[in-house]
J.: 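Below is the structure I would like to discuss, written out as structure tokens.
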Protein chains: 2
Amino acid sequence: MAVTIYDVAREANVSMATVSRVVNGNPNVKPATRKKVTACIERLGYRPNAVARGLASRKTTTVGVIVPDISKSYYAELSRGIADVATMYEYNIILSNSDKRPLREMELIEDHLGKQVDGLIFMSDSISDDVRKEMNSANIPIVLAGTLDSKFEFPTVNIENKEAAHAAVNELIENDHKRIAFISGPFSRDINRLSKKTGYEEAMAEAGLSIPEGYIVETDNTYDDAYEVWNRLKKLPEPPTAVFAGNDEIAVGLMNGIRDAGLAVPNDIELICFQHSILARAVRPQLTAIRVPLYDLGAVSMRLLTKLMNGEEVDQKQVVLPYQLEQRDSVRSN
Amino acid sequence: MAVTIYDVAREANVSMATVSRVVNGNPNVKPATRKKVTACIERLGYRPNAVARGLASRKTTTVGVIVPDISKSYYAELSRGIADVATMYEYNIILSNSDKRPLREMELIEDHLGKQVDGLIFMSDSISDDVRKEMNSANIPIVLAGTLDSKFEFPTVNIENKEAAHAAVNELIENDHKRIAFISGPFSRDINRLSKKTGYEEAMAEAGLSIPEGYIVETDNTYDDAYEVWNRLKKLPEPPTAVFAGNDEIAVGLMNGIRDAGLAVPNDIELICFQHSILARAVRPQLTAIRVPLYDLGAVSMRLLTKLMNGEEVDQKQVVLPYQLEQRDSVRSN
DNA sequence: GTGAAAGCGCTAACAG
DNA sequence: CTGTTAGCGCTTTCAC
């Protein structure tokens, strides 16, 4: 049996209310009393029971984090940003993986609400109607991190993915490419379809370039799947001379496919992508890429959540962080 | 105010005890009653309060996971294994980052105990005496995942790192290398000093090879630090012709350093390492490596923890998982 | 099968 | 400044 606040109270000859006060740093305690109580706490090895505290105070100092897959560096990096700010504000994190399955996402939200989290950070590639409804009926603040909310209902921290995609494609266009392909993750996900693909299409249209059949390739977002893509691309009547990839993992898969087909990046094919991990820098040639500030996305999301949990007024609920285009070696410099 | 078990009881004209029974699947409820209660639960949208339940039952169905840095793919992958098994057994996970700082590790253990986790999975590169003491005095089961316990006090799930290092170096020796260097993470950490370095030294000794001054290089485990290593190695009186690296991130750093110095892997230098991420496969040449079954390490750890939390007898508390040596292109095949 | 009642360990008024 | 007293929402005997 663990030692309780009551044990400390008896030992120190005070009431449990007083012990509670010193534990919670309430200033209304005489220094002498505080010292006596502190000593007893130390001696007995008292450790406050956060569960009891949570029940009594209706706050758990715990936030839920629902992430598609923590083993993906994109989310791992983001989560680290969340965790660091959470620590700073003395919150714990309950972390769950959804695999982007709407049903699972629903269950997890329910589950986290049952655990009485004080707030929730949600990440996914799309928000299904059911999930949206579920989140709308939750009585706690929810922040979307690195996640597109096509209806702008929830507080969100993000970069301008569409604009970034546009800028990336422009790099290729400026190098006089006319035949630019786009290799993407699944279009079932808003971020791929609504942001990156649209950015690509806009940039192409703006430059008066057409997008031939087969230039837009949907993959399952894995290295292995992307590795096979060049085999298809090269058989096109007019194969692309440059490719914009949705992230660095598929860019590297593609690049290795290109190389193993006897071509070279950037000499034969130029390549640009979104950077989610160290991969973009570790391969040779290093990939020219849109760097997504993942850690910051997480940190800012959590900071926003703390404000919301505190009931502070937040003027800007749709936070946009800057991205950076990093010139490296998969696109020739002008 | 959320709806409570009491609201449901009144609505269904039963006692809260009965509602509790149906919520918990207790068979001692007449089917008709169960149905009636279930209907009310549905109608009112009742969701059990896990905090209250935790206080009353003294079980939170939550386990703590203390990890050095979730943004590192090593731990991210491991955590995914933990999380999946946790989900399977209906546990939630509180995830915290320690950055391998013993003081922080202590705080986190305290913190998690305060939150009344039912069990704890701990990961680090070393276990300090204070942390050891802290864990010994905890009243809940603790499992070390992918973490060396030099005193064999705690349940552990691991691979034979020393043996694996030995095997890796042997690959190089079999290719007739006499001058083999070892590039490692910090030796302040048991796993580097006691396992990998010892395995390297044993293999070298066994083959009658000496280890010249400067052949053992300590890095801070980062790509960038490793990138600089070749500049030092090449200035040695007799530069190595092969290198064993503690993990793939530093192996890639080193390899790029080698390449940028005008040499080629594997033609000039052969390279083998522990594989922690997709990096080993994504770079060219692909790295011959010891594959660490990270996901399984996590999954088995969590499974072991569930047994311990259930009070089941566990005969084997030091679980050893097999590793695999994957032949790829940074070591020439014989 | 079901209900009543006693806590779980703590916070939060409210007195004094 | 300190103590008393209700709960927080649920589980868990123990009766019936």
Side-chain angles (χ1 to χ4, degrees), chain A residues 1-38 40-41 44-62 90 110-111 113-118 139-140, chain B residues 1-38 40-41 44-62 90 110-111 113-118 139-140:
Chain A
M1 194 74 261
V3 15
T4 73
I5 200 172
Y6 186 72
D7 300 322
V8 177
R10 200 173 12 151
E11 184 82 3
N13 277 312
V14 295
S15 72
M16 40 187 295
T18 300
V19 178
S20 175
R21 287 190 188 96
V22 348
V23 167
N24 293 297
N26 184 318
N28 291 340
V29 182
K30 196 161 52 172
T33 317
R34 177 184 307 281
K35 202 175 154 198
K36 184 173 60 176
V37 172
T38 307
C40 289
I41 288 178
L44 299 184
Y46 168 70
R47 176 195 304 126
N49 180 324
V51 173
R53 183 183 284 188
L55 184 58
S57 69
R58 307 157 147 296
K59 284 192 296 181
T60 54
T61 60
T62 300
E90 310 209 84
E110 273 294 320
D111 184 25
L113 292 177
K115 292 269 176 169
Q116 312 301 117
V117 294
D118 296 334
N139 281 318
I140 53 167
Chain B
M1 194 74 256
V3 15
T4 74
I5 201 171
Y6 187 73
D7 299 321
V8 177
R10 200 172 12 149
E11 183 81 3
N13 278 311
V14 296
S15 72
M16 41 188 293
T18 299
V19 178
S20 176
R21 287 189 189 98
V22 346
V23 167
N24 293 296
N26 184 319
N28 290 340
V29 181
K30 198 161 51 170
T33 317
R34 177 183 306 282
K35 202 174 153 199
K36 184 174 59 177
V37 172
T38 307
C40 289
I41 288 177
L44 300 185
Y46 168 68
R47 177 196 303 128
N49 180 325
V51 173
R53 183 182 285 190
L55 183 57
S57 69
R58 309 158 144 295
K59 283 191 298 181
T60 54
T61 62
T62 299
E90 310 209 85
E110 273 294 321
D111 184 24
L113 292 178
K115 291 270 177 170
Q116 313 301 118
V117 295
D118 296 335
N139 280 317
I140 53 167

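Chain naming here is simple, since letters A, B, ... match the order of the sequence lines and numbering starts at 1 in each. All values derive from a computational prediction rather than experimental measurement.
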J.: Taking only N and O in the side chain of A:Y46, is any of them less than 4.0 Å away from OP1 or OP2 of C:dC10?
T.: yes

J.: Give, ordered by number, those residues of residues 19-38 of chain B having at least one heavy-atom distance below 4.0 Å to an atom of DNA chain D; if nothing qualifies, reply none.
T.: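 Close to the strand are B:S20, B:N24.
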
J.: Given side chain to side chain contact (heavy atoms under 4.5 Å, CB included), test B:R53 with B:T61 step by step and report yes or no.
T.: CA-CA 10 Å; B:R53 183 182 285 190; B:T61 62; over 6 Å; no

J.: Go nucleotide by nucleotide along DNA chain D from the 5' end; which of A:S57 and B:S57 gets its closest nucleotide reached first?
T.: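 Nearest-nucleotide comparison on DNA chain D picks A:S57.
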
J.: Whole Å only: how far is the CG atom of B:L55 from the P atom of D:dG7?
T.: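 For the pair B:L55 CG and D:dG7 P, the rounded distance is 17 Å.
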
J.: OP1 or OP2 of D:dG9 versus the side-chain N and O atoms of B:R53: is any pair under 4.0 Å?
T.: no

J.: Identify the heavy atoms of B:V3 and B:G45 that sit nearest to each other, and give their distance.
T.: CG1-O, 4.0 Å

J.: With sequence neighbours left out, what residues match A:D118 under salt bridge (charged side-chain N to carboxylate O under 4.0 Å, His left out)?
T.: none

J.: In whole angstroms, how far is the P atom of C:dA5 from the OH atom of B:Y6?
T.: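 Rounded to the whole Å, the gap is 12 Å.
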
J.: Report the residue (A:V51 or B:A17) whose heavy-atom-nearest nucleotide on DNA chain C is the more 5′ of the two.
T.: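 That would be B:A17.
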
J.: Whether the side chain of B:N26 engages the backbone of B:N28 through a donor-acceptor N/O pair (distance < 3.5 Å, no angle test) should be reported.
T.: yes

J.: To check you understand the geometry: which heavy-atom pair defines the closest contact between A:N49 and A:V51, and what is its length?
T.: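 It is OD1-N, 2.7 Å.
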
J.: How far apart are the C-alpha atoms of B:R21 and B:T18, what are their side-chain angles, what is the distance that settles it, and do they pass the side chain to side chain contact (heavy atoms under 4.5 Å, CB included) test?
T.: CA-CA 5 Å; B:R21 287 189 189 98; B:T18 299; 3.8 Å; yes

J.: Of all of residues 7-15 of chain A, which get a heavy atom below 4.0 angstrom from DNA chain C, listed by number?
T.: none

J.: Quickly work out the B:I5 CD1 to C:dG7 C1' distance and round it to whole Å.
T.: 15 Å

J.: Go through the steps to decide whether B:V22 and B:I41 satisfy the test side chain to side chain contact (heavy atoms under 4.5 Å, CB included), and finish with yes or no.
T.: CA-CA 10 Å; B:V22 346; B:I41 288 177; 4.1 Å; yes

J.: For B:R58 and C:dG9, is the shortest distance between a side-chain N/O and OP1 or OP2 below 4.0 Å?
T.: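 For C:dG9, OP1/OP2 do have a side-chain N/O of B:R58 under 4.0 Å.
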
J.: Examine D:dT2: is either OP1 or OP2 under 4.0 Å from a nitrogen or oxygen in the side chain of A:T18? Give yes or no.
T.: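 The answer is no; no side-chain N or O of A:T18 sits under 4.0 Å from OP1 or OP2.
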
J.: How long is the line joining CG of A:L44 and P of C:dG9, in whole Å?
T.: 15 Å

J.: Calculate, to the nearest 0.5 Å, the distance between atoms CE and CZ belonging to B:M16 and B:R10 respectively.
T.: 12.0 Å

J.: Could you check how far CE of A:M16 sits from P of C:dA13, rounded to whole Å?
T.: 15 Å

J.: Do you know which two heavy atoms are closest between B:K115 and B:T60, and how far apart they sit?
T.: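 Minimum heavy-atom contact is O-CG2, 4.1 Å.
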
